[in-house]
Amino acid sequence: METSIVLSFLGLIESRARASGAGQDILRRAGVALWLSGTLACAARPPAESAASPAASEAGAPSLSEKYAPLFPIGAAVDSGSIKSHEAVLARHFNSITAENEMKFESLEATEGAFDYSTADAMVALAKSHGMKVRGHTLVWHRQTPAWMFTGPDGAPASPELLLARLRNHIQNVVTHFKGSVYAWDVVNEAILDNGQWRTANEPEADQRSPWHGILGTSYVAEAFKAAHAADPDAKLFYNEYRNYIPEKRQAVYAMLKQLLADGVPVHGVGLQCHLNIEPSTDPNNHGYFQTVAELEQAIQLYASLGLEVQVTELDLSVYVPGVKYTPDQFFTAETFSDEVQVRQAARYAEFFALFRKHARTVTGVTFWGVADDNTWLSEFSSGRKDFPLLFDMKHEPKKAFYAVMDF
Ligand code: XIL
């Protein structure tokens, strides 16, 4: 199966990275490759009608976040570079940011007890200078967490007591530091698999394993929320997950949240990552098969039935179709990302935004995973597969998708 090939490839990359000490960067790229595991024999498409898009420049276009202000804030993930290089478009069209990597465990506590907030603080300060809100991402994840966390003094796996103490210490320190600046936290990220099972320490692929679960069982989720709430009782606490449109997965997330709430655990909302594609997969065995507005709506309604709010936390819309095999000559370029493709991307964006607007009482924020197509994690991998998943183009000008989500 296509995914297992990609996964064994990732395993290879990971062992190479570990062996060479090249570490995080290669592993991060490998993580991106995993997400891009869709492959394709490019189908010829009928030419679509070209949507009339105003020739307005970015500066002349109406503001996205102003238009959506009555409904919900519009956010963007930024890194320490893009927050400056994209400052003009950010300040005009967005009123919230998320640090793409700079608040993750490995960024803030690479070495035990040595917290480094310098990069994240500079980003928060810049966001504040533009009156933007800040979402915190992410306190507990199986990725981008240094190995020391799970290792005991003797080199053996950390004991449950030690890991729990470290978890509490990290969360207490980080959430206290950003208290008053970060209004919402993705407390736990990706604890449930696509098949609805808990992510364990025994997943076949190394980069899919959760040492949190291996050492603490499922208890780490409740512990993380409690620690975050103790540090900042005013912060909104989210459980963040991808592919919530898969029926087994959304049902398992729902069951987990229901139990947490029954146990009195302070959870306030669910983050829907929403890394979407230009169309769903036609293969019922592919995860992208369920990537429809109707399936995502069911997830929103299910979570809302628990009294939880929902935020779209990592929205982008790849121009590649999941499960389709693409050869390098079929990779999109600035030239082949044609009007026709732009129109289809815009239509799909429009459908999902109509859904978010329809549920604006539940959906309390929509954040894109990036600002413009010149800086997206989807293009960050060595095979050179460029993607064009955001509302603003390589030059930060609004795309057809921008006008499509503004049209209501
Ligand atoms: C990604 C970043 O965008 C990349 O720069 C990094 O190399 C890997 O992580 N789900 C998440 C995000 O919750 O933290 C991920 O961000 C994308 C998938």
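All ligand and atom numbering here is 1-based and tracks the order in the structure.
- Using a 4.0 Å cut-off between heavy atoms, Asp186 makes no contact with ligand 1 at all.
- Heavy-atom contacts of Glu190 reach the following atoms of ligand 1: 10 (N) (cutoff under 4.0 Å).
- Applying the 6.0 Å contact sphere to CZ of Phe331 captures more than 12 heavy atoms from other residues, nucleotides or ligands.
- Interface atoms of ligand 1 facing Glu100, defined by a heavy-atom separation under 4.0 Å, are 2 (C), 3 (O), 4 (C), 5 (O).
- More than 12 heavy atoms of other shown residues, nucleotides or ligands fall within 6.0 angstrom of atom NZ in Lys179.
- Under the side-chain hydrogen bond (donor to acceptor under 3.5 Å, both in side chains) criterion, Asp263 pairs with Gln259, not counting sequence neighbours.
- The list of side chain to side chain donor-acceptor pair (under 3.5 Å) pairs with a residue in residues 212-227, not counting sequence neighbours, reads Arg168-Glu223.
- When Glu241, Lys104, Met103 are ranked by how near their heavy atoms come to atom 15 (C) of ligand 1, first place goes to Lys104.
- Nearest to atom 10 (N) of ligand 1 by heavy-atom distance, out of His275, Glu314, Arg143, Gln144, is Glu314.
- Side chain to side chain, Gln144 and Lys104 meet the donor-acceptor criterion of an N or O pair below 3.5 Å.
- Under 4.0 angstrom from ligand 1, the non-hydrogen atoms of Asn101 all belong to its side chain.
- Heavy atoms of Tyr242 found under 4.0 angstrom from ligand 1: none, in either backbone or side chain.
- Salt bridge Glu295/Arg250: present, at least one basic N to carboxylate O contact under 4.0 Å.
- Put simply, the side chain of Ser82 never gets that close to the backbone of Val78: no donor and acceptor are under 3.5 Å apart.
- Between Trp377 and ligand 1, a contact under 3.5 Å exists for no N or O pair.
- Within ligand 1, counting atoms from 1 as listed, the ones closer than 4.0 Å to a heavy atom of Glu380 are 4 (C), 5 (O), 7 (O).
- Within ligand 1, the atoms closer than 4.0 Å to a non-hydrogen atom of Asn189 are 11 (C), 13 (O), numbered from 1 in the order shown.
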